[in-house]
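Reviewing the structure listed below.
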Amino acid sequence: MSDAIKHECGISVIRLLKPLEYYKEKYGTAFYGVNKMYLMMEKQHNRGQDGAGFASIKLDVAPGERYMSRVRSIAQQPIQDIFAQINDRINTTLQEHPEYVDDVAAQKKNIPYIGEVLLGHVRYGTFGKNSIESVHPFLRQNNWMHRNIIVAGNFNMTNVHELFDNLIQIGQHPKEMADTVTVMEKIGHFLDDAVAKLYKQIKKEGYTKQEASPIIAERLKVHKILRRAAKNWDGGYAMAGLLGHGDAFVLRDPAGIRPTYYYQDDEVVVVASERPAIQTVFNVPYESVKELDPGHAIIVKKDGTSSINEILEPVERKACSFERIYFSRGSDKEIYQERKKLGRLVFPQILKAIDHDIKNTVFSYIPNTAETSFFGMVREAQNYLNKRKEEQILSIGSKITSQELHEILEVRPRIEKVAIKDAKLRTFITQDSSRDDLVTHVYDISYGSVKKGDNLVIIDDSIVRGTTLKKSILRILDRLSPKKIIVVSSAPQIRYPDCYGIDMAKLEDFIAFRAALALHEERKTMNVVEDIYNKCLKQLNTKDKDVINYVREFYAPFTADEISQKIGELLSPEDIKAEVEIIYQSVESLHEACPKNLGDWYFTGNYPTPGGNRVVNKAFINFYEGKNERAY
């Protein structure tokens, strides 16, 4: 989208089911898993470019040999940096020990990162936090192999304070109140408990301490550990974990908020945030990649057996619709069709805005991710014109001349690449303070693509803050001298903050919120704003399950069209010559386009977990009190 909104994370787990020698013989390298993980992370780099991490576990190593490896980076190109470090280590060792080149056992014993269980993670640094300590995977170490745990996730918990307090109550002393730490320690606590109980039981059966270790690994019930650990989690998550002895899991939240896909055959089990990443990297058809059901975990034991277990009872499916509109890769078969449909469904509003004058209208898109919805919009324009041409030809009948027929058929949607993003400039724009200076120059225009007096229709994925529109896009488009600029959002108005992993935390950031506030001021109904604030205050100590989202009342007095009109006024630069109109997708059309992903809390305030209502009310309190901070 033209505004810089970031998604937090993408995950990938690869479990090789054969000995490393198998991959050496079949694919020519024992580094098959490492190579595939590099590709999996690159194919998900859309989900995070500020930091990346990789971890691996080797199975069945001798005591004293290193079996866990981890590398993390916040370099400008973190994925490349990680694998450059891994390749340097591998190549250096092979140069020093050429006898290892064809000896897979020696490679596994002496070279880090070469393992059968691999975990990759990419992230965006949100809320100003992008230190190396914030980068996944996180590691909890112990001398007992099965008590080691490596965790990475695509997630955010709304009740981190409650989870933190729970850890204190069970006797722990967490080093910080971060959801990643609290989640890992919660899993770790119940892992420790399960291992201790198994050890005690196995000792009673007469086994020695040394004999107990592999038996613990065999009997450990990962699904039971996850059920106990995740019992009070409130959030959206795809949580991946590796245990030191070789068990692996990925758990998805009960509402299916965050995406999780998996594939398995006799060589590999792979889990990721993106279905097309799995398809491309492992060259498998769409039908072979399955979606992990909400509330379920895919668990791969050390012996290679895998299972899908219900960990938490699924609730009403509220898979994130923003994933479909923008964040997920558009190469996914379903997402590609859904984005095209979003463009089709918004076309009737566009037709009304241009007064049905397609002949004198230019259609385009910003940014490149809006291209697919643009195709859908243009296809619907073509359908409309074809129907109109058919009516014109039939009305004239057999008396139609060649000239008349040519003139009718010549009318078609005028498609142009009007705006071009300067990607090199974009990379420097990371903080709001510097964005204002640089944002004016982010886009160039194709001079001559629009005739003076034309309508210009530009479609975007969504209009969140509107900063780039006002400071850059509308000003530069106005240089083409259109009569009217219609900016179309393929998403509905974003009115409410996210609290499940997308960097949209403050109400006053949203142009829809600022527009509704301006309407309250104009209509002298600011008492409504104060009433909402007082209602939110009264609920501060209410249990999450009983909290009501009172912020909905903030928007209730106005129609969507009234708010869109006010947004157009707020985003129009004072010196612009063209008339500006802003069009948003309707929520009903969004549901029609994305029927399986009805998580629409950004647009409706219908949060999928109780913690969401608490967060939105706290966000309103922060706004009213002038606190520039996130609400969770």
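These figures come from a predicted structure and were not determined experimentally. Heads up: numbering here begins at 1 and tracks the sequence. Values below: every heavy atom of this structure, side chains too, minus hydrogens, waters and symmetry copies.
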Applying salt bridge (charged side-chain N to carboxylate O under 4.0 Å, His left out) to D461 and R339, what does each step give before you reach the verdict? CA-CA 9 Å; D461 309 287; R339 289 181 183 176; 5.8 Å; no

Could you walk me through whether I308 and Y262 pass the side-chain contact (heavy atoms from CB on, under 4.5 Å) check? CA-CA 11 Å; I308 307 291; Y262 68 94; 4.0 Å; yes

Does a side-chain heavy-atom distance below 4.5 Å link I150 with F138? no

Atom NZ of K596 with >12 non-hydrogen neighbours under 6.0 angstrom: no

Can you tell which of L59, L220, N148 makes a side chain to side chain contact (heavy atoms under 4.5 Å, CB included) with H245? L220

Apply the test salt bridge (charged side-chain N to carboxylate O under 4.0 Å, His left out) to residues E287 and R275: give CA-CA distance (whole Å), side-chain angles for both, the deciding distance (0.1 Å), then the verdict. CA-CA 10 Å; E287 295 76 16; R275 175 167 41 202; over 6 Å; no

With a 4.5 Å cut-off on side-chain heavy atoms, are W233 and V183 touching? yes

Under 3.5 Å, side chain of T280 to main-chain N/O of P276, donor-acceptor pair present? yes

Could you measure the distance from the CZ atom of R324 to the CD atom of Q337? Nearest 0.5 Å is fine. 11.5 Å

For residues G244 and I57, report the shortest heavy-atom separation together with the two atoms involved. O-CG2, 3.4 Å

When you compare the side chains of E65 and N110, does any donor N or O come within less than 3.5 Å of an acceptor on the partner? no

Where is the tightest heavy-atom contact between Y263 and D265, given as atom of each residue plus distance? OH-OD2, 2.7 Å

Report yes if some heavy atom in the side chain of R72 is under 4.5 Å from a heavy atom in the side chain of R70; otherwise report no. yes

Distance-only donor-acceptor check, side chains D332 and Y286, under 3.5 Å: no

Apply side-chain contact (heavy atoms from CB on, under 4.5 Å) to I511 and I463, showing your working. CA-CA 8 Å; I511 187 60; I463 304 166; 4.3 Å; yes

If you measure only the distance, is there a donor-acceptor pair under 3.5 Å linking the side chains of Q107 and D103? no

If we only count heavy atoms from C-beta on, is the E116 to K58 side-chain gap below 4.5 Å? yes

Which heavy atom of P294 sits nearest to which heavy atom of P314, and what is that distance? O-CG, 3.3 Å

Would you give the length of the straight line joining atom CE of M40 to atom CG of N35, rounded to the nearest 0.5 angstrom? 13.5 Å

Could you tell me whether the side chains of E416 and S364 share a donor-acceptor contact shorter than 3.5 Å? no

If I take atom OH from residue Y365 and atom OG from residue S373, how far apart are they, to the nearest 0.5 angstrom? 10.0 Å

Look at the side chain of S321 and the backbone N and O of G599, then say whether any donor-acceptor pair between them is shorter than 3.5 Å. yes

Indicate the atoms forming the closest heavy-atom contact of A370 with I366, along with that distance. CB-O, 3.7 Å

Counting distance only, does the side-chain N/O of D81 pair as donor-acceptor with the main-chain N or O of A84 below 3.5 Å? no

Y113 and F83: side-chain contact (heavy atoms from CB on, under 4.5 Å), yes or no, with the steps? CA-CA 10 Å; Y113 311 117; F83 286 93; over 6 Å; no

For the backbone of G611 and the side chain of D234, can you confirm whether one donor and one acceptor N or O come within less than 3.5 Å of each other? yes

Report yes if the side chains of L242 and L118 come closer than 4.5 Å at any heavy-atom pair, otherwise no. no

Distance-only polar pair, side chains of H591 and D600, donor-acceptor under 3.5 Å: yes

Spacing of M239 atom CE and F155 atom CZ [to the nearest 0.5 Å]: 4.0 Å

Do Y237 and I257 have side chains that get closer than 4.5 Å, going by heavy atoms? no

So with a 6.0 Å cut-off around CG of D266, is the heavy-atom count from everything else above 12? yes

To the nearest 0.5 Å, atom CG of N46 lies from atom OG of S328 at 7.5 Å

Give the minimum heavy-atom separation between I311 and A297, together with the two atoms involved. CG1-CB, 3.6 Å

Taking only Lys NZ, Arg NE, NH1 and NH2, and the carboxylate oxygens of Asp or Glu, determine whether R329 and E42 approach each other closer than 4.0 Å. no

If you round to the nearest 0.5 Å, how far is CD of E21 from CG of D102? 12.0 Å

Using the ring of F282 (Phe, Tyr or Trp, six-membered ring only), decide whether K36 places NZ or CZ under 6.0 Å from its centre and within 45 degrees of its axis. yes

Given 3.5 Å as the limit, does a donor-acceptor pair link the side chain of T93 with the main chain of R89, or not? yes

Where do S462 and I494 land on the side-chain contact (heavy atoms from CB on, under 4.5 Å) test, with the steps shown first? CA-CA 8 Å; S462 62; I494 295 170; 4.2 Å; yes

E310, CD: over 12 other non-hydrogen atoms inside 6.0 angstrom: yes

With a cut-off of 6.0 Å (strictly less than), are more than 12 heavy atoms of other residues, nucleotides or ligands near NZ of K109? no

From the options Y22, Y27, Y38, select the one residue that forms a ring-ring contact (aromatic ring centres under 6.0 Å, His included) with Y32. Y27

Is it the case that the side chain of R140 and the backbone of I187 share a donor-acceptor pair, with hydrogens and angles ignored and the cut-off at 3.5 Å? no

Keeping H45 on the side-chain end and K43 on the backbone end, is there a donor-acceptor pair under 3.5 Å? no

Donor-acceptor contact below 3.5 Å, side chain H121 vs main chain F54: no

With a 6.0 Å cut-off on ring centres, are Y602 and F322 close enough? yes

Is the backbone of A75 close enough, under 3.5 Å, to the side chain of S73 for a donor and an acceptor to pair up by distance? yes

What one should report as the nearest heavy-atom pair of A152 and L119 is CB-CD2, 3.9 Å

Sub-4.5 Å side-chain heavy-atom contact between W601 and C499: no

S489 versus D460, side-chain donor and acceptor atoms under 3.5 Å: no

Side chain to side chain donor-acceptor pair (under 3.5 Å) with Y500: of T609, N154, T158, only one passes, and it is T609

Just by distance, do the side chain of H296 and the backbone of R252 share a donor-acceptor pair under 3.5 Å? no

Do R258 and E323 come within less than 4.5 Å of each other through their side chains, counting heavy atoms only? yes

